[in-house]
Amino acid sequence: MCGIVGYIGSRTAYPILIKGLQRLEYRGYDSAGIALLDNNNVNVYKCKGKVRDLEQLTNGNPIGGTIGIGHTRWATHGIPNDVNAHPHTSMNGKFVVVHNGIIENFAHLRNELISRGYSFKSETDTEVLACLIENIYTSTNVSAETAVRIALTKVVGAYGLVVICTTEPNKLIAARKGSPLVIGMGHGEYFIASDATPIVEYTDQMVYLNDGEIAILTNDNLNITNLNDERKDPNVTTVDINIDNIDKGDYEHYMLKEIHEQPISLSDTFRGRINPDLKQINLGGITEVLPRISNAKRIIIVACGTSYHAGLVGEYLFEEYARIPVEVEYASEFRYRNPIINAGDVIIAISQSGETADTLAAIRMAKEQGALILGICNVAGSSIPRETHAGIYTHAGPEIGVASTKAFTAQVMVLTMMAFLIGKKRNIISTEKYEEMISNMLKVPQSIEALMKNEAHIREIAHLYKDATNAIYLGRGYLYPVALEGALKLKEISYIHAEGYPAAEMKHGPIALIDQNMPVFVLATKDKYYEKIVNNIQEVKARRGQVIAIVSEGDETIRKMADHVIEVPNIDEALMPLIAVVPLQIISYYVAVMRGCNVDQPRNLAKSVTVE
Ligand code: AGP
């Protein structure tokens, strides 16, 4: 996700901003920029690339001034390039803005501003916001902070932003809704950033802005109000952050951080897309092609690895809730086997990176044959989204660990929203069922939070099996793809050979593998297959296999027969993949750590397979 830094005080801002952006690099980004206010002149430097490229850009140019803002961009609207990099300047140069978040109604605001004579250089929602603030400022002759406040009442979406007004150059204006901002309280100086890491070396006195708050920072004063201009007393806290391991927060590895982020990343995935009050799903990225999807003769999902497993969950969802035939294909096979593709087909490419060569090639081939091409990707502006007709970004934030975790659950969440939206549109599911499932989807983040309390227990189980040489994962129905995903997680970071199977397949061969040395992870939560999966567990136990079962909270039946159980909160079986995968992610993480493996960069693997 994007990173923001700002400074106002008596020191030269440039080195503080650059170092602050370097501290935020761990968040993942594709471009960087700064704006410096020097004697009422604002100098803006920004480029695609890394902070070091930004420093190159400033070489030999004016970098004076004691007020400034900086930004690392993780693209959501508009591809990564120099023009789309932040800071963004309003058309008449009065406002300079850095922003983290998504303005959902930016297209509407942009059209309104165009009708008022505004033009835009970039594709971003942030430039629209800068121009909106300026238009209010110049047309109503209010203060800069009032113009910001009024503009934000017109915005739908999430933001963390810091604003410079060139005609009121003695202040920084910050606002927060959904994307965090923290203010560091210095002596005669203030720091502001997306998190405390760029600030802790200057002060440990912090004020965390709350949603709906606006902060006006001058050299010697901090004034916080809400959007109604009602004053709020700053709540100053003392933070204790070890500067040495800030890149991953308090986590030893990105993978563990990203596993723990899933309640937040899933909330980001459905933010602005599920209206909890109206109980409606709105997927803006596919609105224009929704009729074609609803009338599809067939959906073909193409993907690789973990994204392929998410696609398999999508197959169960679409066929049950939208009654549209679905095929899920490994992109690498699909692209070469001369498949039959009809104009009425809808191809969905699922890819975290948006750069996987096989998936990109598969959609190019399908596009040539007239199919509608959709994308479900996590990196805005990456190659696959740029080649699809429409799509939905997963908004999981940068996933840095090579083993995909939060991207998988975000992909499944998007597929779930799509299946219910299309199923409702096709009148396959009733309004009551639709609203019930939406309510259940909103409970997923808290369910994951709850099961995280079992982490120590899960770590103990991981310790018992860290020296295994093989493992089997079993699941049925929606949980069969989760069995495949669990096996992939274990094998790719701990290098233990692991296979996932539909549980009923065991008697067609794999059960020959079962002995007292074989750990068998069974996804056995309460669903329509429960009695059958209990039988599968008994079959494994009868051959002395070790059974580790993921069960619904309060399940006493399987507790009596399995060697270990991990309880997860009950939820509708269609949503259980989002929950049941998390213990398997945690097990694979701790097994790999205990085996001394490089968890974030496993051997032979890359985060994005951009070659065949
Ligand atoms: C998953 O943990 C692996 N990193 C890998 O299987 C990955 O899912 C696959 O390479 C597809 O990547 P993509 O989602 O970026 O297309």
Side-chain angles (χ1 to χ4, degrees), residues 28 30 74 253-259 262 265 269 301-314 328-335 347-364 373-388 391-415 473 481-496 498-500 581-582 584-589 591-592 597-612:
D30 47 56
W74 196 79
H253 298 101
Y254 283 112
M255 182 180 176
L256 187 60
K257 174 172 174 280
E258 288 151 9
I259 291 171
Q262 289 178 111
S265 54
T269 301
I301 296 174
V302 294
C304 303
T306 287
S307 299
Y308 172 83
H309 298 151
L312 288 173
V313 179
V328 188
E329 300 269 1
Y330 282 113
S332 55
E333 287 298 306
F334 185 71
R335 65 180 289 198
I347 311 289
I348 301 178
I350 302 176
S351 175
Q352 189 285 133
S353 62
E355 299 296 350
T356 298
D358 285 321
T359 310
L360 184 57
I363 61 169
R364 284 173 175 163
I373 313 296
L374 306 181
I376 297 177
C377 296
N378 194 40
V379 181
S382 53
S383 302
I384 290 172
R386 290 209 299 273
E387 305 217 8
T388 58
I392 300 168
Y393 284 123
T394 47
H395 293 169
E399 186 176 66
I400 299 167
V402 165
S404 188
T405 50
K406 64 175 183 174
F408 172 76
T409 47
Q411 290 164 349
V412 172
M413 179 61 82
V414 167
L415 289 161
Y473 289 71
V482 179
L484 298 179
E485 175 58 13
L488 175 61
K489 286 283 102 35
L490 186 71
K491 71 179 105 174
E492 70 174 325
I493 64 173
S494 73
Y495 318 142
I496 293 173
E499 295 305 327
V581 73
V582 178
L584 303 185
Q585 295 169 343
I586 296 172
I587 284 169
S588 61
Y589 169 77
V591 167
C597 298
N598 182 340
V599 173
D600 284 332
Q601 274 92 32
R603 67 186 183 194
N604 311 334
L605 293 179
K607 183 59 185 169
S608 174
V609 183
T610 56
V611 295
E612 288 196 35

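All values below come from the heavy atoms of this structure, side chains included, with hydrogens, waters and symmetry mates left out. When a ligand or atom number is given, it counts from 1 through the structure's own listing order.
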Within-shell test, V402 vs ligand 1, heavy atom, strictly < 4.0 Å: yes
Polar proximity ligand 1 side, Q411 side, N/O cut 3.5 Å exclusive: no
Minimum heavy-atom distance F408-H309, with the two atoms named: CE1-C, 3.9 Å
Expected output: side-chain N378 to main-chain G397 donor-acceptor under 3.5 Å: yes
Salt bridge E329-R335, side-chain N to carboxylate O under 4.0 Å: no
Contact atoms of ligand 1, heavy-atom distance to S404 under 4.0 Å: 1 (C), 2 (O)
Nitrogen or oxygen of T359 less than 3.5 angstrom from that of ligand 1: no
T306: numbered ligand 1 atoms lying under 4.0 Å from its heavy atoms: 1 (C), 2 (O), 6 (O), 8 (O)
Numbered atoms and elements of ligand 1 in range of A403, under 4.0 angstrom, heavy atoms: 2 (O)
Side chain to side chain donor-acceptor pair (under 3.5 Å) evaluation trace for Q262 with T409: CA-CA 8 Å; Q262 289 178 111; T409 47; 2.9 Å; yes
Verdict with supporting geometry, K489 and T306, side chain to side chain donor-acceptor pair (under 3.5 Å): CA-CA 9 Å; K489 286 283 102 35; T306 287; 3.0 Å; yes
Element-labelled atoms of ligand 1 that are located less than 4.0 Å from some non-hydrogen atom of K489: 1 (C), 2 (O)
Ligand-residue contact atoms, ligand 1 with S307, heavy atoms, under 4.0 Å: 8 (O), 13 (P), 14 (O)
Partner of Y473 by side chain to side chain contact (heavy atoms under 4.5 Å, CB included), out of L584, V482, L488: L584
Proximal atoms of ligand 1 relative to S351 (non-hydrogen, under 4.0 Å): 13 (P), 14 (O), 15 (O), 16 (O)
Under 3.5 Å donor-acceptor, K406 side chain and A396 backbone: yes
